Amino acid sequence: MKCEVLIDWLTFSVKKNDPSEVIREYLGLDPALFQDTGYSLLGYNKVLRFSDICVCYEPRENKHFQNMGICVSMSGNGCRAFETMSKLGAKDKQGTQSVAFPALFRLLAADETANVSRIDIACDDREGYLDMEQIIAKTRANAVNSRMRWKDIHESIDGVNKAGATVYIGAPSSEFRVRIYDKALEQGVEGHWIRVELVMRSANANAFVEDMTNSENVGKLAAQVINDKFSFIERDDSNISRCTVCDRWQNFVDELDKVRLVSREVIQHGVERIRGWIENQVGPSLYILMKTMGIMDIYSIAASSAGRISAHQEALIQDFQSLCLARRAATL
């Protein structure tokens, strides 16, 4: 697929009191999968968590914040877990289209108490339409047609070498903001993968979710938002509104217009990231120990560390165990 569009963050609240009810009815998941985190979040005293899906309840209300109900917030991995494991919606035969999010959005649209405070739409170019260096250069040259005046470029350095850059359009506190970066570089994978993230809050988020209930083509909606908010241009006219849209950018947006909401099967849990780090960083050292001290010595080192496990790390173990159970159940 040349371009992909997926939901990469979602935060919403509903006027309910029972977190188990919200987990079953709005997420289509088993409440038994969720673990008590023991910490507060987003103005709520208690949080249940499963695979980066947080369900916050018992709000700390005052004269300014009242009747907050229950808040659900899911990051990128949480969105992928929700898509692949939720029982909401009728599953498509190929497993490539997301059905859980459209079903959730219909539930939220039908609930007058529901409020979507944030949604992130990730638009991925895997074909080569976009060139990150060109985007950076056009941002620096203010070759951007947008009502958003705030623009920034964050560059990271690995030693003395440039290790990537992120272009931001829109202020951090605004209800609409754009992030553009090299996702392949961030993930350390080969190939072309530029991500354009649309971060929508409050009215923008609610409007997008409402539009999603009336359209199966999220790519068309994303393209409409992009065309309304900003574009990269050629400075071929003194009036910026009459400048020609850059060919690369126009081709990318035109391709987005054809894309449906993608469902990703790949979910990398924190435990799996730890395993990857051990394999890449200390794998040779483990091999030396195994060949010299024996496999039981490595086991002894791990077992002796059990007393140093933090509450957060113990929660990570329980969460991964729940995820494994849910993965197995999803294949039945």
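Worth knowing before you read on, the calculation uses all heavy atoms, side chains too, and leaves out hydrogens, waters and symmetry mates. Keep in mind that what you see is a predicted model, and the values were worked out from it rather than measured.
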Side chains of [X] and [Y]: is there a donor and an acceptor less than 3.5 Å apart?
| X | Y | value |
| --- | --- | --- |
| Asp254 | Gln250 | yes |
| Ser75 | Asn77 | no |
| Arg177 | Ser174 | no |

Measuring from atom [atom1] of [X] to atom [atom2] of [Y], what distance do you get when rounded to the nearest 0.5 angstrom?
| X | Y | atom1 | atom2 | answer |
| --- | --- | --- | --- | --- |
| His192 | Asp124 | NE2 | CG | 10.0 Å |
| Ser73 | Asp52 | OG | CG | 10.0 Å |
| Cys56 | Tyr39 | SG | OH | 8.0 Å |
| Phe82 | Phe101 | CZ | CZ | 5.5 Å |
| Ser241 | Ile233 | OG | CD1 | 9.0 Å |
| Glu234 | Cys243 | CD | SG | 9.0 Å |

Do [X] and [Y] have side-chain heavy atoms sitting under 4.5 Å apart?
| X | Y | answer |
| --- | --- | --- |
| Phe320 | Ile274 | no |
| Val199 | Trp9 | no |
| Val253 | Val245 | no |
| Asp8 | Cys79 | no |
| Arg80 | Leu6 | yes |
| Trp193 | Arg195 | yes |

Kindly say whether [Y] contributes a backbone atom to a donor-acceptor pair with the side chain of [X] at under 3.5 angstrom?
| X | Y | value |
| --- | --- | --- |
| Asn217 | Asp257 | yes |
| Arg248 | Tyr129 | yes |
| Thr37 | Val47 | yes |

Taking only Lys NZ, Arg NE, NH1 and NH2, and the carboxylate oxygens of Asp or Glu, determine whether [X] and [Y] approach each other closer than 4.0 Å.
| X | Y | value |
| --- | --- | --- |
| Glu4 | Lys183 | no |
| Asp18 | Lys16 | no |
| Lys2 | Glu127 | no |
| Glu272 | Arg275 | no |

